[in-house]
Every structure is written in structure tokens, then in C-alpha cells.
2 protein chains.
Amino acid sequence: MDGFQPPGRLVTLTDVAREAGVGESTVSRVLRNHGSYSKRAGERVAEAVARLGYVPNRLAGSLAGPGASAQLAGVIVPSLANVVFPDLLRGLTGALDAAGIRCVIGVSDYDPDREEALAAALLSWRPAALLLTGLEHNPGTVALAKAGGVRVVEMIDTDGAGIDAVVGFSNRAVGAASARHLVARGYRRIAYLGHDLQVDLRAAKRLAGFEAALGEAGLSLQGQEIRSGPSSPGSGRAGLEALLARHPDLDAVYFSNDDMALGGYFACLAAGLSVPGRIALFGFNGLDFAAAMPQPLSTVRTPRLEIGRQAAACLIGEGPKTIDLGFELIEGATA
Amino acid sequence: MDGFQPPGRLVTLTDVAREAGVGESTVSRVLRNHGSYSKRAGERVAEAVARLGYVPNRLAGSLAGPGASAQLAGVIVPSLANVVFPDLLRGLTGALDAAGIRCVIGVSDYDPDREEALAAALLSWRPAALLLTGLEHNPGTVALAKAGGVRVVEMIDTDGAGIDAVVGFSNRAVGAASARHLVARGYRRIAYLGHDLQVDLRAAKRLAGFEAALGEAGLSLQGQEIRSGPSSPGSGRAGLEALLARHPDLDAVYFSNDDMALGGYFACLAAGLSVPGRIALFGFNGLDFAAAMPQPLSTVRTPRLEIGRQAAACLIGEGPKTIDLGFELIEGATA
DNA sequence: GCTGTTTTTGGCAGCGCTGCCAATCCTGTT
DNA sequence: AACAGGATTGGCAGCGCTGCCAAAAACAGC
């Protein structure tokens, strides 16, 4: 309130002890409400803390404490540009907050080497857990995670083997369900429109599941457009225009996600193509806007928040190793 | 690589020193490339580190080091559900990453009391800086921030006095510019459609600027619809329908943001109202989809990533105290 | 070969806190 | 009033690392 402290020394627990006229251990006990102390001691410490504006130093606390810090969680996501990951974080921070655990985040930009570097950097804070996205990592990342002595949770994808705990859903199953829906609705000349598959491995798994299910129905993809760069409505719009120019006879398009699908819908509106009469659109994610469209988007809603929450639960209690949270196909009106 | 460590003791710097046959200080010097050491010492340490799989403990490092940790930054955002904040984080993490600084995040849910609690929690990690959103905080938060001995950066809003550094733009000016644009285009019967203003103070400032500019033109708001809950396309769609039912003669609507405006656009599409002929729509944020719409949304693009980047720069070098990054009015085709 | 640097090195205190343990203070009893 | 048994308390080592300093080694000049 009255200007900055003389920088260089903040109030320490020892200061509080002196101010309160008690020993350091007593202050520590009071502050953590751990062990027994008298009411009087509690009051005096509380007063001293308030008077001095003491903020505990968890760096020291965690160092002195038993094992690791147990108060930080390291989270690595591939991107923050795609709504999915903020949603994941939202679920995580919400659930972890109650336990007093904070998230330290790293953004890998879909680069496994960056992911590895980030894993090392985050581990150096001795977190209670390391939360990764997807199941595919560098061997070095896996080694770090295993040797780190921390709980490891891999989120979103359950198609494969995890290091420790896994929370998510099957992207292959999503792709397959989407394909079956389109087939059941009578669409036959189906194309895929997505962003870079080398980079987004979960999208690649969905596509694999999609193609497999098409195959079971005796069909195959009639066209494919892979846009470089991140997914976005702009990319979806341009992509659908390109796709239709190349394959004018398509009757349905499966998009890598709702953002792309929204762009596709805009392209149809702009070109005056009726949806789903002339062309059907199918997305992925079940974002907010999908339900608000004049014709609700046909898509698959993924339990993004819930994945975050369950991942948090994995750290706190010893939950089961693998949790498949499933997904929900939303029939919508565009496919 | 070969299973989990016997949990309880991770490799320490002392282990590395023993393994490499050098002193602890030498290992420390090599690892941080600080001070001088022989080539041979460097090699032996590097080998030992690799052999043992040593990951430094920054908890200890920061505790022993000079002042604060200087390797963590505490970031408090009101929400992760609104694209704005992930974008902010994206800019931040991107720029901070190069400096080896990690972000510890807290989500306040627009609650000043939670913000205060989070500030204390984050400060207990002795971060290099505390990054807050907006200029309005509890007195307790301000006191903590000032006493914390850290750099404080308040992001997004420049309409008011900051604690330390401020990076953003003027929300009032955005509102005023938006109003002037609508007025210049000839719209006269203008309404506002937004989400909870008590909670989103920046939106309230935009509206204040908007109304002030309307006033200068001799106009005033013809209607207003405030939806409870977070902004979303669904809320925007329902809101516009309610607004038009109440004020059928409106010729333009100013939305609290693009998500709401997208919902409004969908409402118009669904109702067959021509945009902007029958009704003009004006948003805020300049999100990706705005440009991909059949008629590009008229809106204001805010420098969200750049705010994050500049905020990061504020922590690293001693930048100027207040940075106004301005905004860009996008004329679009909906207003 | 010997002194006067300069570079490289290891030991050790201490960062702020917690855990352990022994000391002290209470109770209620005999 | 003296005493057992529990509640409460303070001292101090030590968590893993860095900064400081003095010792040791390497090199320089004569």
C-alpha cells in the first residue's frame, strides 16, 4: 500500500516468529494447520502474518518437505490456438485449484522435440505430475517422464498404450462413428478436409477410423484436401472451395474439426449451395457455435472439460489407469 | 528407460559431482555455463549428467539464487472460455519461453476475491512477475502485488491507472470508434447486446465509450439486452431474437464481442433478415471466423497476441511502463 | 628454476522452510 | 504437594542448490 518493499528481502517465516514471539516451528504448524498448537499461538501468528504481510515461500517449503513439490502440475499442450486445449486447461485448473495445485504450462507447437525440452524444464520444478497431450512422444520424453518420479497423465487420446495414466476417448472410434453416420444418411461421395496430419496425430487417427468404417461399407474417400497451417474457419472455407472445384460431385465432407466445418458452411452460404441437400457437412468437437447455427452442425461432441477434470482427479487420488470418457454424436442438420 | 526409479530419491547435483569426479561447484558452473571451467570438466560433467539422467531441481536453485525465482511468471486470467485469454497466454508463453520462463496460471472466474487468493498463491512461488488482467482489483490484491517484490503487468486495458506496467489498448476508445463507425454509416436506431457487465468490466468500458460517442452525435442507445452467463454464439442468437422482438425498429446492434455477433448473424440468417440492409451487426475482437463469414463481420481487431508478447518483454527487459497497442477497426460487410 | 599472475577448483555457509526430537508446560491424580 | 501423561513448544539439521572464498593448478615472464 505504501510503495514497494526495499527489494532484496521479503518477510520470512523467521520474521513472523520473531514478531509473534513464538518459535519457527510453531509458525509453521499454525500456517499449515498441522500438528497441535494452542489457540493463543494461533492468534498471535495470525496477527503477525497480517501485520507483516507475510507470503510463505513454497520454493523453500517444497524443498524442505518430503518428496516432490506436490503443489505444481506441469502441463504440456500442443497449442493454445485450438479451443480444445484451453478447454482442457479449464477443466484441469478448475479441479486442481480446489487441491491447491497450480498448473505450469508449456506449449509444444506440435513439435516432439519441443515437447521433450518442455518436459525437462517442467520436471525441474519437481511437479506432482506431468500432463501430456496424446500418446506419441519422443523416447527421451518418455524416459524423462518415467524417471521423473511423478505421476504422468496423457490426455485426449486412448488409441494406444500410455506411460502411466490415460484420460480421453478413442479418436479412431470418433472417425468411425462419423463415417457410419454419413453412410447411414445415404451419403456416398464423401471427401475429407483437414489441416496438417503429420502434425495433428489425433486428426490422423480420426481419419483412419473414418476410412476404415467407410471401407466396411464398401466405400472409400472420394477426395481429400489437406491444408497446411492450423485449422481455422478461413482455412475451411478456402479448402471447401478448392475441394468442390476439384470434385464437383461430392455429396458430403468430413472436416477435421468444427472450425474448419464452420468455414465450409460459410463457403456454402456464399456460393448458395444448399446444406445438406447439395452437400452435407460433418465436423468434430461440438463447439459452442455449432448449436447456434441456423442449421445446427452435425458433429461429435468431445468431453474436453471432463478430460481435464478427470486428469486432475488422477493426480489427486489414485484413480484408474485408463479412463475412456467416450463422445457424443450430434446429429445436427448439416449431415 | 528401464522402469521407474526407486521413488523417494532423485538424482542430485551431488550425485553428478561424485559420478564425474569433480566438486559440486564445478557441476553447478558447467550446468549453468557460468564462471570458468576447463573443457575436461565440462565433458565429464556432461557425461555424468547423461549417464545419471540428472534433472536439476529449480526449487533448490531458485531458493539458493539471488532474489526471487525469476524463472516463473504468475498469470491470472478471468477465464479460459473466451478466446481472448488463451490468445494472451499464447503470446506470453511464446515470448517467455525463449527466456526460459514458465507461466503458472490461475483462473479467477471474474471474481476479485478469487483473484486475490490466486495472487497470494502464485506469489508464494516467488515468480519473477505477476501478470494480471485489467486494472480493477481488490485492495488486497494491489497490496500483495506491491509487496511481492515482483514486476507487475496489467494486461488488456489501459483506461485507468496501473500498479506497475500496463499493456493493452483503450476499451473506451474501441467503443467510441465503433459508435462513430455506425453513425457515419447512417445507422440511427442502435442497440447493445452483451453479457454480464458487472463481471466483464472491459465490456462495460467499451459500452461507456460507445454511448459517449453516440451522445456526441446526438444519439442514444435505443435498446439494450444484457444476457447473464458467459458470452457465446448461442447467447448472441437468443439475445438478438429477444432484442428484435422488443425493438422491431432497430437498424444496428453493437455486440459485446464477435462470439455474440456470430450468434446474431445466425439469428438473422435463420429469420431471413438481410444484413446489413435490415439490420447491421458490429462485433469486437476480430476473431478468425469474422473474416471467413459470407459477409465479413464488421468488428474491431484487438492485438491479443501482441499484448502477451509485449507483456513478456516488460518482464525481461525494463520496458516502458505503459504500452498502448491500439486496435484496428475492420469495416467488414455487416455494418 | 622461481616468482607473479591467471585460471580452475572444491569446501562450505546459507537460501526459507519442514521434520524430528527433546524440553517445557499444562492438566488431572494420588 | 508431588507426579504421570498428554498437549504444546523451540532448536536444529538438512532439503538441493548457488555464491563466496581461498586453495590448487596452470601458465607467464625473467
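Each chain gets a letter, A, B and so on, in the order the sequences are listed, and its residues count up from 1.
- To the nearest 0.5 angstrom, A:Thr158 atom OG1 is 11.0 Å from A:Ile323 atom CD1.
- Rounded to an integer number of Å, the gap from B:Gln71 CD to D:dG16 P is 19 Å.
- For DNA chain D, the neighbouring residues in residues 39-49 of chain A, judged by any heavy atom under 4.0 Å, are A:Ala41.
- At whole-Å resolution of the value, CG in B:Leu63 and C1' in C:dA13 are 13 Å apart.
- At a threshold of 4.0 angstrom between heavy atoms, the contacts of B:Ser36 include nucleobase atoms, whether or not backbone atoms are also involved.
- Residue pairs meeting the salt bridge (charged side-chain N to carboxylate O under 4.0 Å, His left out) criterion with at least one member in residues 23-42 of chain A: none, sequence neighbours excluded.
- For A:Glu47, the side-chain hydrogen bond (donor to acceptor under 3.5 Å, both in side chains) test picks out no residue, with sequence neighbours left out.
- Judged as a salt bridge (charged side-chain N to carboxylate O under 4.0 Å, His left out), the pairs with a partner in residues 90-100 of chain B (not counting sequence neighbours) are, in order, A:Arg114-B:Asp97, B:Asp87-B:Arg90, B:Asp97-B:Arg102.
- With rounding to the nearest 0.5 angstrom, the CG atom of B:Leu201 is 10.0 Å from the CG atom of B:Leu135.
- Under the salt bridge (Lys or Arg N to Asp or Glu O under 4.0 Å) criterion, A:Glu116 pairs with no residue at all, not counting sequence neighbours.
- For B:Ser124, the side-chain hydrogen bond (donor to acceptor under 3.5 Å, both in side chains) criterion is met by A:Arg58, not counting sequence neighbours.
- Taking atom CG on A:Leu59 and atom P on D:dG14, their separation rounds to 22 Å, with Å as the unit.
- Looking at heavy atoms from C-beta onward, A:Asp15 lies in side-chain contact with A:Thr12 at the 4.5 angstrom threshold.
- If you measure from atom CG of B:Leu123 to atom C1' of C:dG16, you get 16 Å, rounded to the nearest angstrom.
- A close approach under 4.0 Å does not occur between any side-chain nitrogen or oxygen of B:Arg32 and OP1 or OP2 of D:dC17.
- OP1 or OP2 of D:dT8 has not a single side-chain nitrogen or oxygen of A:Ser38 nearer than 4.0 Å.
- Atom OH in B:Tyr37 sits about 14 Å away from atom C1' in C:dT7, given to the nearest Å.
- Listed by first and then second residue, the salt bridge (charged side-chain N to carboxylate O under 4.0 Å, His left out) pairs involving residues 132-142 of chain A are A:Glu136-A:Lys205 (not counting sequence neighbours).
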Please list, for nucleotides 23-25 of chain C, all pairs of protein and nucleotide N/O atoms separated by less than 3.5 Å.
none

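- Distance, A:Leu31 CG to C:dT18 P: 7 Å, rounded to whole Å.
- The shortest side-chain heavy-atom distance between A:Trp125 and B:Ser62 falls under the 4.5 Å cut-off.
- Distance CG (A:Asn57) to P (D:dC15): 18 Å, rounded to an integer number of Å.
- With sequence neighbours left out, A:Tyr110 forms a side-chain hydrogen bond (donor to acceptor under 3.5 Å, both in side chains) with no residue at all.
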Please, what dot-bracket string fits DNA chain C when only Watson-Crick and G-U pairs with both distances under 3.5 Å count, crossing ones use [ ] and pairs to another strand use |?
||||||||||||||||||||||||||||||
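- Contacts of B:Thr12 with the nucleic acid, taken as non-hydrogen atoms under 4.0 Å apart, involve only primed sugar atoms and P, OP1 or OP2.
- Between the CZ atom of A:Arg58 and the P atom of C:dC17 there is a distance of 12 Å, rounded to whole Å.
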Pull out every protein N or O sitting under 3.5 Å from an N or O of nucleotides 10-12 of chain D, one pair per line with the distance.
| unit_1 | atom_1 | unit_2 | atom_2 | d |
| --- | --- | --- | --- | --- |
| D:dG10 | OP1 | A:Gly23 | N | 3.3 |
| D:dG10 | OP2 | A:Gly23 | N | 2.6 |
| D:dG10 | OP2 | A:Thr26 | OG1 | 2.5 |
| D:dG10 | N7 | A:Ser25 | OG | 3.3 |
| D:dG10 | N7 | A:Arg29 | NH2 | 3.1 |
| D:dG10 | O6 | A:Arg29 | NH1 | 3.3 |
| D:dG11 | N7 | A:Ser25 | OG | 3.2 |
| D:dG11 | O6 | A:Ser25 | OG | 2.6 |

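- Partners of B:Arg44 according to the side-chain hydrogen bond (donor to acceptor under 3.5 Å, both in side chains) rule, which considers only residues two or more places apart in sequence or in another chain, do not exist here.
- Here the CD1-CD1 distance, from B:Ile316 to B:Ile101, works out to 5.0 Å after rounding to the nearest 0.5 Å.
- Distance CG/B:Asp159 to CZ/B:Phe169: 9.0 Å, rounded to 0.5 Å.
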